[in-house]
Protein chains: 2
Amino acid sequence: MTNRVRRTMPLLPISIVMQLTELTARQIRYYEEHKLISPARTEGNKRMFSLNDVDALLEIKDYLDQGLNMAGIKKLYDLKETPENEKAEPKSLSDAELRKLLHEELKHQARPFEKGGFRQGDLSRFFN
Amino acid sequence: MTNRVRRTMPLLPISIVMQLTELTARQIRYYEEHKLISPARTEGNKRMFSLNDVDALLEIKDYLDQGLNMAGIKKLYDLKETPENEKAEPKSLSDAELRKLLHEELKHQARPFEKGGFRQGDLSRFFN
DNA sequence: ATTCACATGTTAGAAAACTTAACATTTCGT
DNA sequence: ACGAAATGTTAAGTTTTCTAACATGTGAAT
């Protein structure tokens, strides 16, 4: 009777995502520009977002509140998506760059991971 | 981690609903015209559909396949929404009209109710 | 076989929503 | 004070959606 949405299905136009996330269109596009999200496109080139996208945006918002910048958030995502493989060979940034980046950002107040699992988006606000 | 969408929240533009239901825009608007659904509107007057709306549309589609017409489906919905109250005083149709209507339609092949509960929409196709 | 009503298709014109791109503003760290 | 990062704002163009009107297909009744 009450099922779960297929969270990867592109369903939502940007206007709705703006409401759900309280982000501006500018912000959402900016985060896409920086590869933090990759919403689908209609044939006419309009962005269509999945619930996962919304979750990601809420997470991004949270990280930004914590003082992270685009590069830092991107790096966290890259690390997440790399299960436990070759930690060597950072995809594009040098070790030094990465260390500096994380150091610079994290000295603020951010904690990259919650102990016991990754931080989750807060889409649950809109669920029941 | 995997929540349930608030199914009354208007999230979906008509293009997506068309995909989810395999109905044309014309059909969807026609069913609204006949009060079978009442999707929300944006400030700019664009229809925005909830998951409940999608469920309803799938149900409508099914009833149409079974030979029901707009009036018949509407009547079924009106009956559903009337828990067990004053069965007298049909909202707008006379008893005779109602009887004729249901009779005409149901002699076809439709069964108004499934034994053991009302027929449910088939949105679960899109869920996991 | 017509006719009629219902459901749907099709089209046109207007308005809303979304797009990219450019430039402006704010904020923060050096 | 300066520079970079994030966001605001605006403009011009395209896509999507809207309503309304008219057309078509189909089944039921005459």
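Here is the naming used below: chain letters follow the sequence lines, and residue numbers restart at 1 for every chain.
Ile28(A) approaches Ile37(A) most closely through the heavy-atom pair O-CD1, 3.8 Å.
For the pair Ile28(A) CD1 and dA17(C) P, the computed distance is 15 Å after rounding to whole Å. Atom CZ of Arg26(A) is separated from atom P of dA24(C) by 14 Å (rounded to the nearest Å). Per the geometry, CG belonging to Leu12(A) stands 15 Å off C1' belonging to dA17(C), to the nearest Å.
In this structure Arg26(B) satisfies the salt bridge (Lys or Arg N to Asp or Glu O under 4.0 Å) test with no other residue, sequence neighbours excluded. Considering only residues two or more places apart in sequence or on other chains, Lys74(A) meets the salt bridge (Lys or Arg N to Asp or Glu O under 4.0 Å) condition with Asp78(A). For Ala40(B), the side-chain contact (heavy atoms from CB on, under 4.5 Å) partners at least two apart in sequence or on another chain are Pro10(B). Residues satisfying the side chain to side chain donor-acceptor pair (under 3.5 Å) criterion with Thr24(A), sequence neighbours excluded, are Gln27(A).
Between the side chain of Asp65(B) and the main chain of Asp62(B), no donor-acceptor pair closer than 3.5 Å is present. No donor-acceptor distance shorter than 3.5 angstrom exists from the side chain of Thr21(B) to the backbone of Leu57(B), with no hydrogens or angles considered.
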Mind listing the N/O atom pairs, protein and nucleotides 2-5 of chain D, below 3.5 Å?
none

Polar pairs (N or O, both sides) under 3.5 Å between protein and nucleotides 16-19 of chain D?
from    : atom 1 : to       : atom 2 : distance (Å)
dT16(D) : OP1    : Thr42(A) : OG1    : 2.9
dT16(D) : OP1    : Gly44(A) : N      : 3.2
dT17(D) : OP1    : Ser15(B) : N      : 3.2
dT17(D) : OP1    : Ser15(B) : OG     : 2.8
dT17(D) : O2     : Lys46(B) : NZ     : 3.3
dC18(D) : OP1    : Arg47(B) : N      : 2.6
dC18(D) : OP1    : Arg47(B) : NE     : 3.0
dC18(D) : OP2    : Arg29(B) : NE     : 3.4
dC18(D) : OP2    : Arg29(B) : NH2    : 3.1
dC18(D) : O3'    : Arg41(B) : NH1    : 3.4
dT19(D) : OP1    : Arg41(B) : NH1    : 3.1
dT19(D) : OP1    : Arg41(B) : NH2    : 3.1
dT19(D) : OP2    : Arg47(B) : NH2    : 2.2

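Contact check, Tyr31(B) against dT8(C): a side-chain N or O comes under 4.0 Å of OP1 or OP2.
Between Arg41(A) and Arg47(A), the closest side-chain pair of non-hydrogen atoms falls below 4.5 Å.
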